[in-house]
Amino acid sequence: MGNVVLVTGAARQLGGRFVRRIQRDPDVDRVIGVDAVAPEHHLGGAEFLKADIRHPAIARVLAETGVDTVVHMDINGTPLGSRGGRASVKEANVIGTMQLLGACQKAPNVQRVVIKSSTSVYGSAPRDPAVFTENTPPKSLPSGGFAKDTVEVEGYVRGFARRRPDVAVCVLRFANVLGPCADSPLAEYFSLPVLPTVLGYDPRLQFVHEDDAIDVLRIAAAAPRRGTLNSGTFNIAGDGVLLLSQVSRRLGRPTLPLFLPTVTWAGTALRSLGITDFSPEQIRMLTHGRVVETTQMRETLGFHPRYTTAETFEEFARSRGPGLLPPASLARTVDRLAGVLSARRGASQ
């Protein structure tokens, strides 16, 4: 890994964890955390600079500190604390990335750039393929929200890679990151006592454990190991998939199937009350789902997650406490009902 590593988004939980972790790497001499607000968590022995990456001053930070590795984690779907609403989040994601990449382009010391992106670049649509690879174009480009931000961000990253071919650029497209410390809109949705769902749909979902997210970011930020290549674009997800119905049973939280217009209205109401950011793009994902292929993650990047999708969700569910229904009893009841229905179908044939 580079001797001087700069990490954006250090005030968020995942960014703070990554900052603390890479300080223990023997090849890292200096770690600099950057964010527009001071973190509430400690950053160990790392330096913290209060700086807004939307402003050109970030170029001075890179020039004065001699940064050679940049890990851009300040690409998010929701504001942190009182940092404003959707407009400020879009500015931070898109304008902030533009300014940061412009600063990296001018900084001769920068040798490696890592971008924390999202599988939301593929969108969620009824005619989507069963599995997305890194080269699969979306059937319908995201029209707004965080998904559109990630599409624009990756466009700027490709432009930067063309202008600075000497810099190793790694884009990590994460599935939904979950774990005991998860603070994403999806984690808030799963914490509701009753889960609103779209009537007639049971989407397939993938998750990444937050510990695995830290590990793969370390691999991307370091020099490639023998037989691997950590430049390029990679889907990052745990093995396997879960249906939303399986998720609700494991949480012990009942679902409330609604017609799509009603779910959209409920999402607006929950968002206006500040309960959860139930955005239109999240509703589309919870309608059509999204599954990505991770062969390149294993064979090229050389990363093998410790947690499957199911194990990741199990860790998350334990951290949230019991729901309204006991998960074990609910699962037994559903399995028993499925067995009865299967027996009846067999008898009728």
Side-chain angles (χ1 to χ4, degrees), residues 2 4-22 31-41 43 46-62 65 67 69-105 107 110 112-121 145-157 160 167 169-174 176-177 181-185 187 208 210 213-214 216-218 220-221 236 277:
V4 183
V5 182
L6 182 138
V7 182
T8 66
R12 292 183 180 267
Q13 288 293 334
L14 195 65
R17 284 193 60 187
F18 180 69
V19 167
R20 292 192 295 273
R21 176 61 188 87
I22 59 171
V31 181
I32 302 165
V34 172
D35 211 314
V37 297
E40 296 181 356
H41 44 258
L43 297 178
E47 305 169 45
F48 175 74
L49 295 178
K50 187 175 180 180
D52 193 330
I53 61 172
R54 293 174 294 180
H55 300 155
I58 190 66
R60 188 170 67 248
V61 172
L62 266 65
T65 56
V67 168
T69 301
V70 175
V71 182
H72 183 28
M73 300 183 64
D74 201 5
I75 305 173
N76 300 281
T78 55
L80 180 63
S82 59
R83 287 172 63 174
R86 169 64 198 147
S88 63
V89 169
K90 182 175 181 61
E91 282 188 13
N93 290 340
V94 179
I95 305 301
T97 300
M98 286 177 59
Q99 291 286 1
L100 180 65
L101 294 175
C104 291
Q105 184 177 337
V110 172
R112 181 171 294 278
V113 173
V114 179
I115 305 293
K116 174 185 168 288
S117 187
S118 167
T119 57
S120 62
V121 296
F146 174 64
K148 187 178 181 182
D149 291 355
T150 55
V151 171
E152 294 183 24
V153 163
E154 289 200 10
Y156 292 124
V157 172
F160 168 78
V167 175
V169 178
C170 184
V171 177
L172 302 177
R173 291 176 176 168
F174 286 93
N176 298 286
V177 179
C181 300
D183 57 357
S184 65
V208 182
E210 52 197 14
I214 298 299
V216 73
L217 284 163
R218 288 182 57 232
I236 308 297
D277 186 17

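Quick caveat: nothing in here was measured; it's all calculated off a predicted structure.
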With heavy-atom distances below 4.5 Å as the criterion, would you say the side chains of [X] and [Y] are in contact?
X      : Y     : answer
Arg12  : Met73 : no
Ile53  : Ile95 : no
Asp35  : Phe48 : yes
Ser184 : Thr78 : no
Lys116 : Asn76 : yes
Ile22  : Val7  : yes
Ile115 : His72 : yes
His41  : Arg17 : no

CA sep, side-chain torsions, deciding dist, call: Tyr156, Val94, side chain to side chain contact (heavy atoms under 4.5 Å, CB included): CA-CA 9 Å; Tyr156 292 124; Val94 179; 3.7 Å; yes
Qualifying residue, where the test is side chain to side chain contact (heavy atoms under 4.5 Å, CB included) with Val31 and the options are Leu6, Val19, Thr69: Val19
Matching residue for Glu154 among Ile75, Thr97, Val171 - test: side chain to side chain contact (heavy atoms under 4.5 Å, CB included): Val171
Kindly give the heavy-atom pair with the smallest separation between [X] and [Y], and that separation in Å.
X      : Y      : answer
Ala147 : Ser120 : CB-O, 3.5 Å
Ala10  : Gly33  : CB-CA, 3.8 Å
Leu172 : Ala220 : CD1-CB, 3.9 Å
Ala59  : Ala103 : CA-CB, 3.5 Å
Asp183 : Gln13  : OD2-CG, 3.9 Å
Val113 : Leu101 : CG1-CD2, 4.5 Å

Nearest 0.5 angstrom please: [X] [atom1] to [Y] [atom2], how far?
X      : Y      : atom1 : atom2 : result
Thr150 : Lys148 : OG1   : NZ    : 11.5 Å
Arg173 : Ile236 : CZ    : CD1   : 11.0 Å
Ile58  : Asp52  : CD1   : CG    : 9.0 Å

Worked check of side chain to side chain contact (heavy atoms under 4.5 Å, CB included) between Phe160 and Leu100: CA-CA 10 Å; Phe160 168 78; Leu100 180 65; over 6 Å; no
Donor-acceptor pair, side chain of Glu210 and main chain of Cys181, under 3.5 angstrom: yes
